[in-house]
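Written out below as structure tokens is the structure these notes cover.
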Amino acid sequence: MRPVVFGNRFGWLHAGSGTRGVVLCNTYGHEYVWTYSGMRHLADALSARGIWVLRFDYHGTGDSAGADGAPDQFASSVDDVEAAIDWFRETTGVAHLTLCGFRVGAAFALAAALRKPVDDLVLLAPVTSGRVYMRELSIVRKTWLDQLAPPLREMQQDDAPLNVLGQLYHDEFKRSLEQIDLVSSVKNAAAVPARRALIMNARVGGKDPLLDALAERGVEAEARPFEDLIGFVQETAFNALPRAAFAEAVQWIAGSASREVPANTSIEPESWPELTIETPEAIERPVSMGDDGLFGIMCEPRTGSARGSVFLIANTSASSRVGDSRLSVRIARELARSGVASLRFDARGRGDSPAAPGIVQSDTAFGRIYNSVATDDTACAARWLARQGYKSIFSLGVCSGAYHALKAALIEDSITGVVTVNLPTFKKPVDVAPDALRQSTRNSMAGYAFSVLDPQKWKAIFRGEKDLTRVLRFVLSYLVTRVRSRIVDVLRLDRLSQTPPELATEPGPIIRALDARHVKTVLVYGAYDAGRDLINAHFGKGGARLSRFPSVRMAIFPDADHSLFMSAGSAQVIALCDNVAKEMRATVSDPMFPGRESVVL
């Protein structure tokens, strides 16, 4: 496969060997992030059958140009599908075209096919009713809000645009989504969308109005089950690839093409054409790094000093370089607006980088997201940046990405600074099954303080819906850790350790090693984030003992949630990174971090 850019839209072309081709239409928002790797798997499976495949990002999504939350996102996405069809046909010369859309991407695909008919149409778990879809988004939003500390929840509820896990929905886009009615669209259309159609839903059997509407228009339509749809539409740490469903879709699409010679999909990066994605503030280009061929997007500002400071943005969880609800893209382009470059990339086994040879990713959540290969790849990407001439390289990550950014700074000399956002741990957690991980998720001490005053929480405990003993065990463990770490600090016991810094798992030795290497370290936490408890336990309240380390600072943002889904928190992190870059350029003290105190911003 090779990267492509058409009309400032970024995508991937998977080579085929025949005259059949498929354009894949992604879903939107958080579902896009969760299912990104799965859609790549589907494209690879089709390409292995000799079928050309194009997968791409609509304007305002993924790596394509365009701002988030555009009012005309629905109409522009349908236009993008049509543009993709034209580019795909002209580039590959395919004679038989299939449009394949997933979830709301199926609605985009059908709308495009009704204006520009195709040969075959595949609708995977299609959003047939916009009202039902918006109710589903509301449920996801409510679940997220219920997990926030009350002060954060109150701030978010005042936001004007609909925010679902960080994805903002303009009111006009919401109205367009609410108006989705695929059955009426088919019945009232002047044209027939395709000669054949396949609908794959979570449940089959009984009456299927969309299937009937297509059949009434003369389309050879059939319905099949989408096995394990619920397992697929999950956070990247937990989701399961729907192998059976994809295999069925591939077989239906391939037809007689199943006997064609598979295409050679290995295209060396040296043969990639010179590609750029141009935005008002930046020029971006796809890059391949190291012997393993890590994939990334280099974002360079249109203005600013060449080869100055650069931020290396690590993957969060098992998500692609785009970040949750496009967070990494927003960070990159906002930094570019201030003249700061960045590289967002995929570690092996994530996004569009290759799998790690000889390493089978564990099916457990921690096995996926804390695998040491991501730390090694972060270091590899930093070395690549150093070879490009960058002198000040900051690794940056959120949650598990912060873990890899921090660990990479311990092993790679070219990393001169690290910004961690809501770092949850300093050592790789013990592997647990996904269900056990969900059950072990806890609140912060600050969050528990609010919960004590919440009558609904006590009612839930009395009804047996909440486990009070688990909370008490955590509080006791926290207090024990504080006492133990204080004793270790007073007696300087941690200095007796012979463990190399790169193998250290305790916060004290890790912070001391970073300071000794003069790595400018900024530990950023939301005021109610559970990770703050780790800092308080090992370095005193508010990280007071961090003041011993000149290269280390801590920043606390009262309105930042754990994943930076709230726009205020992400904006503050971007501003902090900008200030850190300015400090490196000016080589003066950063006014955001006066003295040796941790700061609340």
Side-chain angles (χ1 to χ4, degrees), residues 312 314 370 372 375 378-379 382 393-429 444-445 478 481-526 529-557 573 576-577 580 583-584 589-590 592-600:
L312 172 58
Y370 287 100
S372 61
T375 298
T378 304
I393 301 172
F394 277 82
S395 54
L396 166 66
V398 179
C399 189
S400 61
Y403 170 87
H404 294 298
L406 188 81
K407 291 290 188 178
L410 287 171
I411 64 174
E412 178 50 50
D413 292 338
S414 63
I415 296 178
T416 57
V418 56
V419 177
T420 68
V421 182
N422 293 327
L423 174 70
T425 181
F426 284 79
K427 64 179 179 180
K428 180 181 177 181
S444 64
M445 292 295 290
Y478 169 78
T481 301
R482 287 200 67 164
V483 172
R484 182 178 64 84
S485 64
R486 189 58 176 152
I487 293 173
V488 169
D489 178 71
V490 170
L491 299 179
R492 297 177 176 245
L493 298 178
D494 56 342
R495 290 166 176 76
L496 302 177
S497 173
Q498 300 299 313
T499 304
E502 62 272 16
L503 298 180
T505 59
E506 290 296 316
I510 290 175
I511 293 298
R512 185 175 295 105
L514 289 170
D515 186 62
R517 294 165 64 93
H518 304 292
V519 176
K520 182 174 178 60
T521 304
V522 186
L523 305 173
V524 181
Y525 284 99
D529 193 81
R532 279 193 66 197
D533 297 333
L534 187 65
I535 299 298
N536 292 339
H538 287 271
F539 299 103
K541 185 176 181 180
R545 294 197 293 276
L546 289 173
S547 61
R548 301 173 181 174
F549 307 104
S551 298
V552 182
R553 292 293 181 269
M554 182 173 172
I556 302 168
F557 295 142
V573 168
L576 181 145
C577 291
V580 168
E583 176 193 342
M584 295 302 292
S589 178
D590 186 345
M592 291 187 71
F593 300 96
R596 291 177 171 271
E597 299 293 327
S598 61
V599 294
V600 179

*If only atom types and distance count, is the side chain of T420 paired as donor or acceptor with the main-chain N or O of A402 below 3.5 Å?*
no

*Which pair of non-hydrogen atoms, one from R548 and one from P550, has the smallest distance, and what is that distance?*
O-CD, 3.3 Å

*Rounded to the nearest 0.5 Å, what's the gap from CD1 on I535 to CZ on R545? Could you check?*
11.0 Å

*Do you know which two heavy atoms are closest between L576 and A555, and how far apart they sit?*
CD1-CB, 3.9 Å

*asked:* Restricting to non-hydrogen atoms, name the atom on T425 and the atom on L534 that form the minimum distance, rounded to 0.1 Å.
replied: CA-CD2, 3.9 Å

_By the ring pair (Phe, Tyr, Trp, His ring centres under 6.0 Å) test, which pairs, at least two apart or in different chains, include something from residues 407-427?_
none

*Test side chain to side chain contact (heavy atoms under 4.5 Å, CB included) on V573 and V398 and set out the steps.*
CA-CA 10 Å; V573 168; V398 179; over 6 Å; no

_Rounded distance (nearest 0.5 Å) linking atom CG of D529 with atom CZ of F557_ = 12.5 Å

*Do you know which two heavy atoms are closest between A382 and I415, and how far apart they sit?*
CB-CG1, 3.5 Å

*asked:* Quick check against the 3.5 Å criterion: does T416 have a side-chain atom that pairs as donor or acceptor with the backbone of I393?
replied: yes

*Any chance you could measure R517, atom CZ, to L410, atom CG, to the nearest 0.5 Å?*
6.5 Å

*For N536 and K541, indicate whether the former's side chain and the latter's backbone hold a donor-acceptor pair under 3.5 Å.*
no

*Approximate separation, where rounding is to 0.5 Å, of F539 CZ and I511 CD1*: 5.0 Å

*For S414, all residues meeting side-chain hydrogen bond (donor to acceptor under 3.5 Å, both in side chains), sequence neighbours excluded*: E412

*Please step through side chain to side chain contact (heavy atoms under 4.5 Å, CB included) for the pair L406 and L514, ending with a clear verdict.*
CA-CA 9 Å; L406 188 81; L514 289 170; 3.4 Å; yes

*Sequence neighbours excluded, every pair satisfying side chain to side chain donor-acceptor pair (under 3.5 Å) that has a member inside residues 399-411*: T375-H404

*Please report the closest heavy-atom contact between R532 and Y525, naming both atoms and the distance.*
CG-CB, 3.4 Å

_Minimum-distance pair of heavy atoms, taken over all atoms of D515 and S551_ = OD1-N, 2.8 Å

